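Notes follow the structure.
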Amino acid sequence: MILAVLFSNSDGNILIERFHGVPAEERLHWRSFLVKLGADNLKGAKNEELLVASHKSVSIVYTMIGDVCLYIVGKDEYDELALAEVIFAVTSAVKDVCGKPPTERLFLDKYGRICLCLDEIVWKGLLENTEKDRVRRLIRLKPPVEP
Amino acid sequence: MPSSLAGDLTDPEMTQPYMKKDDDEEEIEYSPFFGIEKGAVLQEARAFHDPQLDARRCSQVITKLLYLLNQGETFTKVEATEVFFAVTKLFQSKDAGLRRLVYLMIKELSPSSDEVIIVTSSLMKDMNSKTDMYRANAIRVLCRIIDGTLLTQIERYLKQAIVDKNPVIASASLVSGIHLLQENPEIVKRWSNEVQEAVQSRAALVQFHGLALLHQIRQNDRLAISKMVSGLTKGSVRSHLAQCLLIRYTSQVIRESTMNTQNGDRPFFDYLESCLRHKSEMVILEAARKIAEMDVTSRELAPAVTVLQLFLTSSKPVLRFAAVRTLNKVAMTRPLAVTNCNVDLESLMSDQNRSIATLAITTLLKTGNESSVDRLMKQITNFMSDITDEFKIVVVEAIRSLCLKFPLKHRSMMNFLSNSLREEGGFEYKKAIVDSIVTIISEIPDAKEIGLLYLCEFIEDCEFTYLSSQILHLLGNEGPRTSDPSRYIRYIYNRVILENATVRASAVSTLAKFGALVDALKPRIFVLLRRCLFDTDDEVRDRATLYLQTLDGEGAVGNTEKDVKEFLFGSLDVPLANLEASLRTYEPSEEPFDISFVSREVKSQPLHEKKAPGKKQLAGAPTPVPVSAVDAYQKMLSSIPEFSGFGKLFKSSEPVELTEAETEYAVNVVKHIYKGHIVLQYNCTNTIPEQLLENVIVYVDATDAEEFSEVCSKPLRSLPYDSPGQIFVAFEKPEHIPAAGKFSNVLKFIVKEVDISTGEVDEDGVEDEYQIEDLEIVSADYMLRVAVSNFRNAWEDMDPESERVDEYGLGVRESLAEAVSAVISILGMQPCEGTEVVPKNARSHACLLSGVFIGDVKVLVRLSFGLSGPKEVAMKLAVRSDDPQVSEKIHEIVASG
């Protein structure tokens with residue numbers, strides 16, 4: 001299960017968050033934990049460089065894309081390797097929507113479409129679509145082009 | 001979709017009202033949602049009701065609503081309903097972009113079941129639409145919001161969708177199936193054929209989703225899973241994600257089956273090994289990880305370790321992390337298999353990603369040999385300054401294990417730990433270091449004095465009261481027994497001068513302990529303690545007064561040296577949790593609180609942990625026993641007039657099940673032990689709704705329990721369905737004697753039919769009986785599991801005259817650990833200082849036990865086990881107790897057990 005997908009700005013303010021199977025009372029804890037993790041480790045990280053952390057069966061893969069931090073938390077079958085697939089799908093889609101690694105402003109300008117991309121990629125904690133071209137078409141309700 | 005929509009959600013126009021106009025230069029930095037307010041957005045949502053829908057404007061409003069929801073804003077029930085109804089109006093628009101947002105919005109709003117009906121017809125229409133993308137999205141939304149009844153109605157469409165040639169539709173329905181399986185398994189299981197077809201799909205993602213669903217549908221059918229894996233491992237799997245799933249399922253099949261090894265033919269393992277040569281890195285890592293988790297020979301493990309080693313130098317951090325994490329796990333059980341990777345692991349110690357570096361270090365600490373310890377310590381020292389406390393704790397714990405593994409190297413590791421104590425760090429980190437030093441001191445005698453000095457230095461500058469008090473306590477127990485106790489006094493007295501009241505009080509107690517044990521220091525300790533009489537804190541003054549009187553031999557506490565030591569070093573023989581529970585229930589009255597009434601029984605944790613997960617808990621069974629259960633039993637039993645004369649309840653056992661799980665009548669028994677009586681409490685539950693039981697008794701046959709004679713029995717008048725009741729049977733037995741015996745039990749009752757629909761009970765009943773399992777009273781039932789905090793002190797304080805020693809041959813046992821746990825359970829005593837755990841491959845083991853025997857006699861036991869032949873276990877048993885006869889009794893118990 002992909003437990004959480006969370007975007008924040010570099011100051012730690014939440015831009016988008018999606019939790020799956022995480023009780024409401026634990027979300028605040030996760031939010032602050034992830035933001036702190038980012039504050040400790042993402043400063044000075046290269047664009048889209050993946051960072052990894054884990055605790056017991058929970059894995060976290062996170063990165064910086066443009067000015068925006070992205071965290072993905074998973075457990076069981078969504079270990080660091082599967083999460084790397086997810087984060088790659090998300091970052092590719094975001095870059096595709098924004099045309100480049102986004103500034104916070106650009107990210108917010110494209111907010112609706114990023115939400116749609118996320119809806120196509122992760123659905124209730126499961127990875128559904130991975131390719132950016134396909135996602136780009138799906139959010140416009142266009143059928144994918146078969147290879 | 002109009003191409004303009006791409007700009008709808010991005011258009012600067014939308015953002016204009018929220019921007020400050022006065023600062024042109026910074027304007028661009030402002031959020032497009034600057035100043036957004038829920039009330040205003042809800043007003044804007046009225047646009048959804050316009051007869052002429054403006055798709056672009058509606059999309060903007062939905063984006064704002066999404067933003068609000070993502071910011072943690074919540075809608076009241078009324079607001080959510082209003083928005084939901086308004087959003088459903090948007091189905092009138094043909095604008096594709098808007099429709100896509102509508103689908104998302106409905107999912108976000110998660111309408112209640114009475115609202116769902118409004119939108120289902122629109123979604124059903126979309127599900128049968130000619131536009132494929134409408135169909136996929138409608139399936140996803142429907143599956144999110146509908147319940148079981150509606151699902152049956154759309155099941156036909158979903159089954160079709162699973163095998164649809166459009167992969168998006170197939171994937172949407174398969175993923176929906178995975179979610180629906182949780183709530184409606186019986187419906188989704190009917191789609192098995194379609195899902196199986198999807199697994200053969202040419203589309204990679206469809207295959208991935210199909211495989212995941214098929215596995216979940218068949219997860220309880222081992223044979224089906226084995227067949228599925230067998231078929232797929234031979235065929236071609238297109239998606240690397242699906243391949244990873246297949247690897248997991250294959251390793252599951254290998255784990256659960258034993259058939260592969262018969263003729264050396266191992267198709268499943270060969271498949272895993274072949275995956276080590278796959279082109280996808282993810283697949284290789286998954287295969288290596290699964291092989292590493294299995295119980296394989298070193299030769300079979302080697303290729304997996306080799307590929308993991310290659311990934312250690314990968315440019316991708318995730319791969320490095322995954323590889324080092326797996327190697328770390330391998331190193332825990334098979335350190336030798338990983339030693340080849342040490343060079344690569346050492347280079348990872350400087351990895352940018354601290355998680356990777358920490359894992360590398362902790363792996364090295366497990367695989368390193370004695371000669372590399374010093375070099376490793378040097379490298380770690382450089383590394384520690386730039387990691388967070390969380391990682392530092394992991395490293396400290398690894399160093400502790402290494403130190404116990406190579407005791408000769410304790411100096412360099414203790415030195416490292418003491419340097420770490422001097423550095424900056426939070427409480428948890430410092431606590432981990434102190435705990436490590438304490439463990440090393442207790443395990444390696446040579447490390448004791450140097451360790452105590454390091455701790456003394458630490459408390460000179462320690463900001464944590466808890467740690468200072470803990471260390472002072474340790475100093476009090478260990479310091480006086482060192483070669484030069486006087487060297488510690490300065491550190492301790494400095495605390496009295498410089499610290500807060502809590503630490504000062506602890507320091508006073510520590511000084512007193514030195515005074516009690518070291519005669520040469522006594523006069524000087526008196527001088528220091530007298531100074532404490534003028535302390536500003538009353539607790540410190542009180543302690544100083546008390547200790548001065550006690551050590552002087554004039555106090556009320558005791559006159560003999562033994563009494564003084566018992567007072568200073570004796571542990572509080574009541575578990576703190578029990579004391580706390582009793583104090584909470586104590587009601588202030590003229591009768592003072594009496595600590596002797598507090599239960600001394602230690603809650604035995606492992607028994608509960610062993611319970612199978614998911615096992616149905618019977619409502620009548622009061623398991624697990626809470627800490628204050630004995631108090632509760634005492635109260636309950638003393639309220640029954642027949643038992644009120646039995647005196648103080650000595651012990652109540654854990655409930656013992658007398659029936660199998662899931663039988664008609666569930667019965668368990670709790671054994672209550674008194675000085676001269678026992679009471680058997682049978683907890684009964686009737687699990688048949690159509691029956692009412694009356695006049696329920698337990699007929700107990702005590703022919704095999706000669707020393708017991710039944711004195712009374714309390715039957716149960718009626719036992720309705722699922723409403724537990726208790727039956728009591730009391731026996732008399734010789735006082736203070738641990739009489740043993742076997743009791744056979746039969747449940748007898750009158751059974752009456754119940755009409756479930758009306759609840760009416762048939763007047764006529766039939767007599768019936770039900771055989772339940774036998775029950776034994778054993779010696780362990782007369783022993784309370786009571787821990788002592790410092791076994792050695794407690795042992796030394798007991799009269800050596802009471803000691804009885806003998807040796808026993810335990811015969812051929814499964815393992816040393818099994819022999820140790822068997823003796824512990826025969827005696828029913830509390831293992832101390834973690835000695836119940838036998839290290840793997842140990843040839844000998846010492847185990848310390850403590851308890852209180854019936855008659856309130858304290859008992860301590862030292863067990864020394866050794867393996868004399870192949871699995872032949874010999875044991876030496878030394879017992880000390882308050883009563884030499886009890887020491888002998890313990891030997892009798894072991895001899896007869």
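Here the structure is a predicted model, which means the values were calculated and not measured. Because only heavy atoms are used, hydrogens play no part in the values below, and waters and symmetry mates are left out as well, while side chains stay in. Residue numbers start from 1 in every chain, and the chains themselves are labelled A, B, ... in the order their sequence lines are given, proteins ahead of strands.
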(request) Against chain B, label A/R27 side chain, backbone, both or neither, depending on which of its atoms sit under 4.5 Å from a heavy atom there. (result) neither

(message) Donor-acceptor check, side chain of B/H179 to backbone of A/L126, threshold 3.5 angstrom: yes or no?
(response) no

(request) Please list, in residue-number order, every residue in residues 241-252 of chain B that has a heavy atom less than 4.5 Å from any heavy atom of chain A; write 'none' if there are none. (result) B/L241, B/R248

(request) Say whether, by atom type as modelled, one donor and one acceptor occur between the side chain of A/E128 and the main chain of B/V175 under 3.5 angstrom. (result) no

(request) Name the region of B/K107, side chain, backbone, both or neither, that has any atom closer than 4.5 Å to a heavy atom of chain A. (result) side chain

(message) Closer than 4.0 angstrom, basic N to acidic O: yes or no for A/E80 and B/R289?
(response) yes

(message) Whether A/R18 and B/E108 form a salt bridge (side-chain N of Lys/Arg under 4.0 Å from carboxylate O of Asp/Glu) is what I want to check.
(response) yes

(request) Heavy-atom pairs under 4.5 Å with chain A are the metric here; pick the option from B/S176, B/A212, B/A204 that has the most. (result) B/S176

(message) Regarding A/Y111 and B/N70, do their side chains bring together a donor and an acceptor under 3.5 Å, going by distance alone?
(response) yes

(request) Against chain B, label A/D79 side chain, backbone, both or neither, depending on which of its atoms sit under 4.5 Å from a heavy atom there. (result) side chain

(request) Check each atom of A/E104 against the heavy atoms of chain B and say whether the ones under 4.5 Å are side chain, backbone, both or neither. (result) neither

(message) Is A/D40 close to chain B through its backbone or its side chain, or both, or neither, when contacts mean heavy atoms under 4.5 Å?
(response) side chain

(request) Sort A/T130 into side chain, backbone, both or neither according to what part of it lies under 4.5 angstrom from a heavy atom of chain B. (result) both

(message) With a strict 4.5 Å heavy-atom criterion, list every residue of residues 138-146 of chain B that contacts chain A, or say none.
(response) B/R140, B/C143, B/R144

